[in-house]
Amino acid sequence: MRLRSFVAAALLQVCLVGTAHAKGPFGTANVGGWVGGAFSNDETGAFSHCAATAPYANGVILVVSQNAAGIWSLAFASPSYHFNKGENAAIDVTFDGKDQARLFATAYRPDMLTAVMPLNVVRTFQKASLMVATAGHAVLNFDLRSTGPVIAALANCVTRVKADGLDKAGDFTKGAAKPAATAEKQGQPPASKSGKGTRTSGGFGTGFVVSASGHIVTNNHVIDGCTELKGNLTGEAAMVLRVVSADANNDLALLQPTSTATFKDFARIRDRSFHSGDSVVAIGFPYHGLLTSDFTVTTGIVGSLSGMRNDTRFLQISAPVQPGNSGGPLFDTSGQIVGVVTGKIPGLRIAALTGDIPENINFAIKTGALRDFLDNSVVPYQTAEPKSELKTPEIAGNARAYTMLISCKGAEEADAKK
């Protein structure tokens with residue numbers, strides 16, 4: 001009875017912010033040894049998250065959850081845990097003895113650690129049969145053979161509750177998507193994007209190298225739906241790229257060459273706060289095939305430290321960007337990365353609402369979201385303090401060694417060439 005009460009409490013409190021004010025479950029998401037459903041915020045009555053738990057013989061209860069914003073989390077709970085509230089811990093997970101990831105967990109309550117799961121980890125989690133979790137000296141094994149259906153059920157739960165409301169909650173295992181597809185479709189970035197979401201033909205974007213191992217950052221919407229990805233520095237041969245990880249919610253993706261490739265340099269991320277009014281330099285490949293084959297350089301300032309609807313993950317910038325700039329580096333005047341260009345305000349849509357066409361209102365993802373993404377992907381990136389101010393041609397000259405054109409071949413294009 002005590003274990004059952006503990007499981008129920010874990011379900012109620014697993015939501016990412018660790019709220020203790022939750023009510024549920026509404027409906028069911030019961031698969032194999034997993035039991036769960038939808039939950040609401042008890043203070044507001046609004047839908048909060050969908051979650052499921054599974055108890056294990058090692059004394060730990062796994063709790064997997066997707067909240068209303070589409071963010072996945074994984075929690076490790078046990079009555080024997082005694083964490084300080086707010087305590088952090090790194091948990092290394094290995095799936096089927098080969099795929100590895102590091103999760104960064106927080107104790108929102110003394111008996112549970114909760115970590116955000118990046119999309120690449122969610123995909124691996126739902127397909128794996130065994131997970132080994134290591135934290136300090138503790139090593140625990142978890143049988144994951146029924147996680148595929150429960151991930152699909154929880155994704156279906158979030159979609160259906162957001163569309164129909166909690167009062168129509170039912171069996172979320174019915175009509176759930178295939179496991180492999182659910183994690184890839186969660187959420188869309190709040191800022192308007194200069195590229196399309198799911199593509200069925202080819203396209204271009206920009207990326208930049210962030211590690212000596214050749215990790216390349218770009219936007220998720222640049223690579224979404226691509227069946228083949230290539231990248232090349234200006235004047236150099238193209239190389240085939242593979243997707244290492246992707247985060248649709250923050251519109252970030254991480255790529256790497258499929259074969260050994262060497263780069264003369266890589267970008268460093270600014271390790272100091274940035275302010276409204278500071279100057280920025282954007283570099284990318286807009287309208288590739290119509291304009292120059294070299295990258296284009298534009299300059300401007302930071303107009304605001306938040307994006308659409310006060311989204312603090314984004315910077316608003318005045319540096320002009322166009323389709324093809326997506327995923328490109330945004331620099332400060334010392335040549336350090338201060339953001340990832342992600343898109344521009346939808347001018348025609350705003351004009352239809354206001355009667356006025358907005359000018360030079362563009363967006364970049366802040367380095368906080370970028371660093372979290374790279375940390376979760378275990379990328380050995382480097383940070384740097386701003387140095388002396390460089391002239392724009394110097395910044396562009398340095399960026400040439402690591403700013404890359406990303407080419408996407410979509411499904412229709414690939415089929416047409418067969």
Side-chain angles (χ1 to χ4, degrees), residues 194 204-219 222-223 229-239 241 252-257 261-272 274 278-288 291-302 315 317-343 362-367 370-371 373-374 379-407:
S194 56
F204 298 97
T206 305
F208 56 98
V209 184
V210 291
S211 79
S213 302
H215 292 97
I216 302 159
V217 167
T218 188
N219 286 149
V222 170
I223 60 95
L229 285 166
K230 290 185 178 181
N232 62 280
L233 303 174
T234 300
E236 296 191 13
M239 60 186 73
L241 304 176
L252 290 168
L254 187 68
L255 312 176
Q256 207 169 15
T262 57
F263 297 91
K264 296 177 182 178
D265 199 5
F266 56 91
R268 275 76 174 176
I269 299 173
R270 179 183 170 112
D271 196 18
R272 191 179 291 182
F274 212 50
D278 283 348
S279 297
V280 291
V281 177
I283 294 180
F285 294 88
Y287 294 118
H288 182 74
L291 301 178
T292 174
S293 59
D294 197 359
F295 60 52
T296 298
V297 182
T298 58
T299 61
I301 63 168
V302 175
L315 294 170
I317 58 174
S318 66
V321 300
Q322 308 295 340
N325 275 106
S326 294
L330 185 72
F331 298 98
D332 64 9
T333 54
S334 68
Q336 312 298 345
I337 296 292
V338 293
V340 182
V341 174
T342 190
N362 309 303
F363 301 99
I365 303 160
K366 287 182 179 177
T367 55
L370 172 61
R371 291 178 66 174
F373 174 63
L374 295 177
V379 175
Y381 65 91
Q382 291 186 16
T383 60
E385 299 243 341
K387 301 175 184 176
S388 57
E389 190 169 312
L390 300 176
K391 295 181 179 180
T392 301
E394 293 178 285
I395 296 172
N398 293 337
R400 189 172 297 280
Y402 52 78
T403 303
M404 180 174 287
L405 172 69
I406 306 295
S407 305

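Values reported hereafter were calculated over all heavy atoms of this structure, with side chains retained and with hydrogens, waters and symmetry mates removed. Note that the structure is predicted; figures quoted are calculated from it, not measured.
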message: Testing the basics here: between L370 and L252, what is the closest heavy-atom pair and its distance to 0.1 Å?
response: CA-CD1, 3.9 Å

Residue pair S211 / P380: nearest heavy atoms and the distance that separates them: CB-O, 4.0 Å

task: List the atom of A399, the atom of I283, and the distance in Å for their closest heavy-atom pair.
output: CB-CD1, 3.7 Å

task: State the CG-CD1 distance between L330 and I365, to the nearest 0.5 angstrom.
output: 11.0 Å

- prompt: Is any side-chain heavy atom of F263 closer than 4.5 Å to a side-chain heavy atom of P257?
  reply: yes

task: Look only at the side chain of N398 and the backbone of I395, and say whether a donor-acceptor pair between them is shorter than 3.5 Å.
output: no

message: Quick check for you: to the nearest 0.5 Å, what is the distance between I216 atom CD1 and T206 atom OG1?
response: 12.0 Å

- prompt: So, for A364 and I317, which heavy atoms are closest and what is the spacing to 0.1 Å?
  reply: CB-CD1, 4.5 Å

message: How close do Q256 and S213 get, counting heavy atoms only, and between which atoms?
response: NE2-O, 3.0 Å

- prompt: For the side chain of T298 and the backbone of A319, is there at least one donor-acceptor N/O pair under 3.5 Å apart?
  reply: no

statement: With D271 as partner, the option from Q336, Q382, R371 fulfilling side-chain hydrogen bond (donor to acceptor under 3.5 Å, both in side chains) is R371

- line: The single option from N232, L229, I223 that satisfies side chain to side chain contact (heavy atoms under 4.5 Å, CB included) with L241 is L229

- prompt: How long is the span from the CG atom in L405 to the CZ atom in F295, to the nearest 0.5 Å?
  reply: 12.0 Å

task: Working to the nearest 0.5 Å, report the span between CG of L315 and CG of N362.
output: 12.0 Å

task: Quickly, which of L255, L254, V340 forms a side chain to side chain contact (heavy atoms under 4.5 Å, CB included) with T218? Name it, please.
output: L255

- request: Any chance you could measure T342, atom OG1, to F363, atom CZ, to the nearest 0.5 Å?
  value: 9.5 Å

statement: Between the CE atom in M404 and the OG1 atom in T234, the distance rounded to the nearest 0.5 Å is 10.0 Å

task: Given side chain to side chain contact (heavy atoms under 4.5 Å, CB included), test F266 with V210 step by step and report yes or no.
output: CA-CA 5 Å; F266 56 91; V210 291; 5.8 Å; no

Nearest atoms (heavy-atom pairs only) where V297 meets A396: CG2-CB, 3.8 Å

